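Predicted model, so just to flag it, every value in this text is computed and none were measured.
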Amino acid sequence: MPRNVIRNIAVMIRDFLFSIVNKEFLIFLFFLVLSTTYWLMSVLNETMEREIIVPVKLTNIPDNAIVLTDETVPLRVTVRDKGYTIAAYLYGEELPTIKLPFVTYFKGEQRCVVNTNELNKLVAAQLYSSSKILSIKPERLEFPFNQGQHKRLPIKLQGTVKPADSYHLARISFSPDSVMVYSSQQMLDSLQIVMTEPVNIRDFNDTISQKIKIESIKGSKIVPNEVRMTLYPDILVEATINVPITPINVPEGMVMRTFPSQIQVNYIIGAARYHKINQKSFTVVADYAATNEGEHKQCLLKLVKAPSDARNIKIKANYVDYLLEQ
């Protein structure tokens with residue numbers, strides 16, 4: 001760009017900035033910045049109370065000890081100090097993690113304990129001398145552990161999973177399909193499954209795969225605490241099948257014949273299962289006991305067996321004619 005063009009642009013900018021109107025704006029801006037700075041300094045010089053986070057971590061854990069809670073705990077510390085000191089806590093560098101050597105705080109009974117007085121001393125050492133600690137939450141830390149007692153448990157989904165209309169949930173899988181739970185032997189004996197954290201997934205018609213956390217159990221450690229859940233929806237189809245009628249409760253020495261000998265069963269099933277369903281998947285019975293010892297001309301039919309994933313199952317007729325033979 002030619003020098004004279006640059007010079008002309010610079011002159012235009014200078015004239016604009018120092019015009020009468022913009023001189024007033026610059027004066028206003030100067031006093032605005034000045035007053036804001038004065039206000040900020042006044043605020044920062046006032047004493048205030050704020051909550052800050054101070055992380056603590058249990059360290060030097062022996063190989064044979066399994067800690068049953070999180071090894072790192074965030075302490076919520078309420079402090080009182082000048083505003084600029086509080087600002088340094090909130091917006092400056094993070095406070096270093098307080099390290100708790102396992103041996104120092106081992107109290108027997110398979111737990112490490114840090115009492116309130118000790119926590120106050122440890123936190124105070126991380127703060128400016130002018131800061132006053134008003135409260136610490138939690139007030140006392142406990143890290144229960146065991147020597148490796150564990151149990152592998154299956155996972156069960158917790159929550160609502162509902163595919164879109166005309167679909168059903170064909171299968172749920174977890175990877176891994178089970179987790180290791182470390183706890184006291186008494187707790188392990190009482191546990192049979194672990195639950196996922198609640199989910200709410202609706203109106204889906206394609207496979208969904210996502211990570212999901214395992215619901216924590218107080219006094220226990222779950223490894224891993226997160227698994228991959230995969231949901232497999234399947235489109236629903238209508239189907240019909242002829243099923244033999246099986247007489248039951250027929251008196252000894254007699255034969256019961258039904259007319260017809262088969263009955264039509266209508267149902268809805270997932271497309272992936274359609275070709276796996278056959279006559280043996282259903283059982284329809286004619287109960288002689290329902291005929292009042294042969295006084296009724298027809299016999300009531302009952303569906304006593306069906307695939308667990310079949311829906312809207314209907315038999316074509318509720319009664320059939322029958323004949324008793326000796």
Side-chain angles (χ1 to χ4, degrees), residues 154-175 177-178 192-196 198-210 212 228-252 254-325:
I155 304 164
K156 184 176 180 180
L157 179 65
Q158 180 180 198
T160 301
V161 176
K162 186 177 181 181
D165 292 342
S166 300
Y167 285 81
H168 82 121
L169 185 61
R171 185 163 62 93
I172 303 173
S173 71
F174 296 102
S175 181
D177 61 359
S178 58
Q192 301 301 323
I193 59 171
V194 293
M195 306 292 291
T196 67
V199 300
N200 187 1
I201 304 174
R202 300 173 182 267
D203 299 325
F204 62 98
N205 56 16
D206 201 358
T207 301
I208 292 178
S209 184
Q210 65 182 48
I212 184 170
R228 179 164 291 279
M229 176 186 70
T230 305
L231 306 176
Y232 299 90
D234 190 15
I235 193 167
L236 294 169
V237 296
E238 294 183 357
T240 300
I241 193 170
N242 288 323
V243 178
I245 299 173
T246 304
I248 63 171
N249 296 322
V250 180
E252 188 177 350
M254 300 187 71
V255 176
M256 182 177 180
R257 302 187 188 278
T258 63
F259 302 95
S261 61
Q262 295 186 343
I263 193 71
Q264 181 177 298
V265 177
N266 301 316
Y267 60 97
I268 296 175
I269 197 77
R273 288 265 292 151
Y274 177 80
H275 294 292
K276 298 180 181 180
I277 302 298
N278 54 40
Q279 287 184 336
K280 294 181 180 179
S281 303
F282 297 87
T283 300
V284 177
V285 300
D287 189 357
Y288 176 78
T291 68
N292 195 20
E293 297 186 356
E295 289 188 6
H296 299 318
K297 294 181 179 180
Q298 291 186 315
C299 184
L300 178 67
L301 296 180
K302 294 181 181 179
L303 179 70
V304 296
K305 176 187 171 185
S308 60
D309 54 347
R311 299 184 179 185
N312 296 352
I313 305 171
K314 296 178 181 178
I315 55 178
K316 189 174 181 180
N318 292 324
Y319 293 88
V320 291
D321 295 328
Y322 67 96
L323 176 66
L324 290 176
E325 298 178 350

> Supply the atom-to-atom distance Leu323 CG to Met254 CE, rounded to the nearest 0.5 angstrom.
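One gets 9.0 Å once the value is rounded to the nearest 0.5 Å.
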
> So which atom in Ala317 and which in Ile263 form the shortest heavy-atom distance, rounded to 0.1 Å?
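The pair with the smallest heavy-atom distance is N-CD1, 3.9 Å.
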
> Supply the atom-to-atom distance Leu157 CG to Ile193 CD1, rounded to the nearest 0.5 angstrom.
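Spacing of CG (Leu157) from CD1 (Ile193) equals 11.0 Å.
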
> I would like to know whether Thr230 and Thr207 meet side chain to side chain contact (heavy atoms under 4.5 Å, CB included); could you show each step before the answer?
CA-CA 7 Å; Thr230 305; Thr207 301; 3.6 Å; yes

> Would you say Val265 and Ile315 make side-chain contact, with heavy atoms under 4.5 Å?
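Yes, at least one pair of side-chain atoms sits under 4.5 Å.
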
> Can a donor-acceptor pair be found, under 3.5 Å and without considering hydrogens, that links the side chain of Lys305 to the backbone of Lys280?
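Judged by distance alone, yes, a pair lies under 3.5 Å.
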
> Within a strict 4.5 Å, meaning less than it, do heavy atoms of the Ile269 and Val237 side chains meet?
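Side chain of Ile269 against side chain of Val237, heavy atoms only: contact under 4.5 Å found.
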
> Looking at side-chain heavy atoms only, is the closest gap between Leu169 and Phe204 below 4.5 Å?
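Side chain of Leu169 against side chain of Phe204, heavy atoms only: contact under 4.5 Å found.
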
> What's the spacing between Thr283 OG1 and Ile248 CD1 if we round to 0.5 Å?
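It is 10.5 Å, given to the nearest 0.5 Å.
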
> For Arg257, I'd like to know if atom CZ has over 12 heavy atoms of other residues, nucleotides or ligands within 6.0 Å.
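Open.
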
> Can any side-chain N or O of Asp234 pair as donor or acceptor with the backbone N or O of Ala271 at less than 3.5 Å?
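Here the side-chain-to-backbone pair exists.
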
> Looking at side-chain heavy atoms only, is the closest gap between Leu300 and Asp287 below 4.5 Å?
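They are not in contact (no side-chain heavy atoms under 4.5 Å apart), so the answer is no.
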
> CG/Asp203 to CG/Asp165 distance, rounded to the nearest 0.5 angstrom?
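Going from CG on Asp203 over to CG on Asp165, the span is 7.0 Å.
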
> Would you check if the side chain of Thr160 reaches a backbone N or O of Asn200 as a donor-acceptor pair within less than 3.5 Å?
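Not at all, since once roles are kept as given, no pair shorter than 3.5 Å links the two residues.
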
> If you measure from CD1 on Ile212 to CZ on Arg228, what distance do you get to the nearest 0.5 Å?
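Going from CD1 on Ile212 over to CZ on Arg228, the span is 11.5 Å.
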
> Counting heavy atoms not belonging to Glu238, are there more than 12 under 6.0 Å from its CD?
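Atom CD in Glu238 is not packed in, count stays at 12 or less.
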
> On a heavy-atom basis, which atom in Tyr267 and which in Phe282 lie closest, and how many Å separate them?
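Answer, listing the atom of Tyr267 first, then Phe282: CD2-CZ, 3.7 Å.
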
> Test side chain to side chain contact (heavy atoms under 4.5 Å, CB included) on Ile201 and Met229; report intermediate values, then the result.
CA-CA 12 Å; Ile201 304 174; Met229 176 186 70; 3.8 Å; yes

> Show the nearest heavy-atom pair for residues Met256 and Tyr288, with the distance to one decimal.
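Heavy atoms only, the tightest pair is SD-CB, 4.0 Å.
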
> Could you report the tightest heavy-atom contact between Thr258 and Ala286, atom names first, then the distance?
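So the two residues come closest at CG2-CB, 3.9 Å.
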
> What are the two closest heavy atoms between Pro163 and Pro233, and how far apart are they?
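Closest approach of Pro163 to Pro233, heavy atoms only: CB-CB, 4.5 Å.
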
> Could you check whether any side-chain heavy atom of Thr196 comes within less than 4.5 Å of a side-chain heavy atom of Ile155, counting everything from C-beta outward?
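Yes, their side chains come closer than 4.5 Å.
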
> Which value, rounded to the nearest 0.5 Å, describes the distance between Lys314 atom NZ and Leu303 atom CG?
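Here the rounded value is 13.5 Å.
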
> Against Asp309, only a single residue in Arg171, His168, Arg273 fulfils side chain to side chain donor-acceptor pair (under 3.5 Å); can you say which?
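With Asp309 as partner, side chain to side chain donor-acceptor pair (under 3.5 Å) holds for just one option, Arg273.
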
> Could you tell me which non-hydrogen atom of Val243 sits nearest to which non-hydrogen atom of Gln279, and how far apart they are?
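It is CG1-O, 4.3 Å.
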
